[in-house]
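Below you'll find the structure, written out as structure tokens, and then a few comments.
The chains referred to below are lettered A, B, ... by the order of the sequence lines, with proteins before strands, and numbering in each begins at 1. Since the structure is predicted, the reported quantities are computational estimates derived from the model, not experimental observations.
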Amino acid sequence: MPRPETLTVSFESWEGPLDLLLALARTQKVDLREISILALVEQYLAYIEGARKLKLELAADYLVMAAWLAYLKSALLLPREAQPEPSPEELALRLQLRLQRLQAMREAGARLMARDRIGRDVFVREKPEGLRLVRKAKWAASLFDLIQSYGQIRARTQPVVHMVAVRPVMTLDEAIQRVGTLVGAAIDWTALEAFLPTGQDGPMARSALASSFVAALELARQGRLEIQQEGIFEPIFLRAAVPEPSAGRLL
Amino acid sequence: MEEPDDFLRAVEAVLFVSEQPLTLTELKLHVGEAGDLPSVLATLSDHYAGRGINLVERGGRWHFETAADLAHILRREKDETRKLSRAAMETLAIIAYHEPVSRAEIEAIRGVQVAKGTLDVLMEAGWVRPAGRREVPGRPLIYATTLEFLSHFGLSSRRDLPGIDDLRAAGLLDPVDLALEGLGAQSVVENDEEEA
Amino acid sequence: MEEPDDFLRAVEAVLFVSEQPLTLTELKLHVGEAGDLPSVLATLSDHYAGRGINLVERGGRWHFETAADLAHILRREKDETRKLSRAAMETLAIIAYHEPVSRAEIEAIRGVQVAKGTLDVLMEAGWVRPAGRREVPGRPLIYATTLEFLSHFGLSSRRDLPGIDDLRAAGLLDPVDLALEGLGAQSVVENDEEEA
């Protein structure tokens, strides 16, 4: 067996205790399946001892491994019946299996690296022209879009002639007059709409409604009528003001 | 087919990976002098004639290129439907109603400058074409619509375009404020429906 | 030699100009469905076998590359493939032969922690990718190889990994615990926790 000292490489070149163990195992020059674990333990412990004598600084995991191997060695040497669980044979087998696996991957890595690799052994074109995807726009536009656009341009740019549209309206005075007269005839609560002129629609109907409402507010302010509404957006009711004695007292 | 020898294979591979066409001298730097380069190039060139890739010589330099008749395959076209921008739509409408018009005239009608890309888009779409020059100072280019324009918009001639009176009748010439009022009323109705 | 038809010529040209290896689907986008693509690829691949350029399939994607024996002619001084550290090489092999694997599983095989830069280097090279998480406590990330890994190392698929069948048959790709069970070692199962 070669002396462990023949492995003169510094610890920095080992990737941990398992790596060192594998290197030592390979010095036994046998298949990893037939390796003597006891001899390997001896090799490792001797190597660590040698390093200590040289006052090399050892990383903790190398020392942990040394301690574990020392334990394994003593267990392997114990009489059979005194063996603890798990058996030292099993521990030794585990170690052997781990070394085999590491070795297998190390060899696989080397074989992988030795393959014909692109850029080292085989080459692809330096500057391929490339395949082009040409996007061809299909424009979506309808005749309506076209004439609408034209209409907008003309509407936007033609000299604008301002014409004040004559809109049919009910004036506020008219509404006050009308509501004031009609509410006198109404004894009970009557909806606002009942005070509107009939037969109107469109802008005139809207104007009449708005003016009549404002007229009602004005008449209520004058104390000529009362307004009641159950809630927001509920119908608005009007009736002629009934003078109440209590109200008079407060004033 | 004859078994290619290593010299020929080397020439083939060097031409394949090269970034640019190679002269005989440059080729020799790689493949050496072990063979008759001009004859090998001729053999290779024969071999590739009629294939998808051809070996060609241009001005004393050799390179591989794809066969010219396959160009359409290497550029794959994909249709994408896109909406014409408002500027493009308006420009197209002005050309259609007023053709032939110069760019300056289009701008005068639109009241906005016409970006350079706008006319390009319309020409790329195949709807607008340059139609000569206006014989005025500066001889500006004038534009007109194409037959493709008519067929795309389903018109048999430009006379089919609705006239100003038709546009007015359709409400398309409504002054903007009234149009807005209409929109406002509409949106109120919609809101009411949502609340209900 | 048979006269190449247009479909074959198109496939040849598309593969020649493509910037990356192409799948059948990608090829069809360009050459259409006018021919039997797999058979044309086989024909082309046969045609180029033994030439200076070969047509190869890697992980379902096809590309042209130069023949490996011409490396000495094509390799240039400036082409220096960055040498992987031994740790990176082993880690790559472990991922390739065991994928998907977690970092802890890599460490169990190597007997050391995976240094921070090791996986980064492999991912940067484009050979390794995170491939989800293992559904065990802690949900560790797991790693696998990429299609680029296959093309770079000239593998049609992972089945082509050198010696993978032998390693599997020898149980060397199984975890140690599983291997112990396989060996029929008695009183082993309960002591699994001991394995660090």
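- Around the CZ atom of C:R86, the shell of radius 6.0 Å holds more than 12 heavy atoms that belong to other residues, nucleotides or ligands.
- Counting heavy atoms from C-beta outward, C:R51 and B:L8 have side chains that approach closer than 4.5 Å.
- Contact annotation for B:D69: only side-chain heavy atoms (C-beta onward) come within less than 4.5 Å of a heavy atom of chain C.
- Proximity to chain B at a heavy-atom threshold of 4.5 Å picks out C:G52, C:I53, C:F64, C:E65 from residues 52-65 of chain C, in numerical order.
- The part of B:V17 that comes within reach of chain C is its side chain, from C-beta onward, which places non-hydrogen atoms under 4.5 angstrom from that chain.
- Annotation for B:L70 and C:A13: closest pair CD1-CB, 3.6 Å, computed over non-hydrogen atoms.
- No part of B:F7 comes within reach of chain C, as not one of its non-hydrogen atoms sits under 4.5 angstrom from that chain.
- With a threshold of 4.5 angstrom between heavy atoms, B:L44 approaches chain C through side-chain atoms but not through N, CA, C or O.
- When all heavy atoms of B:I73 and C:H30 are compared, the pair lying nearest together is O-ND1, 3.1 Å.
- Nearest approach of B:G50 to C:P4, heavy atoms of both residues: O-CG, 3.4 Å.
- Annotation: C:E19, atom CD; neighbour count of heavy atoms from other residues, nucleotides and ligands within 6.0 Å is above 12.
- Contacts from residues 131-139 of chain B to chain C, taken as heavy-atom pairs separated by less than 4.5 Å, involve no residues at all.
- More than 12 non-hydrogen atoms from other residues, nucleotides or ligands lie less than 6.0 angstrom from CG of B:L29.
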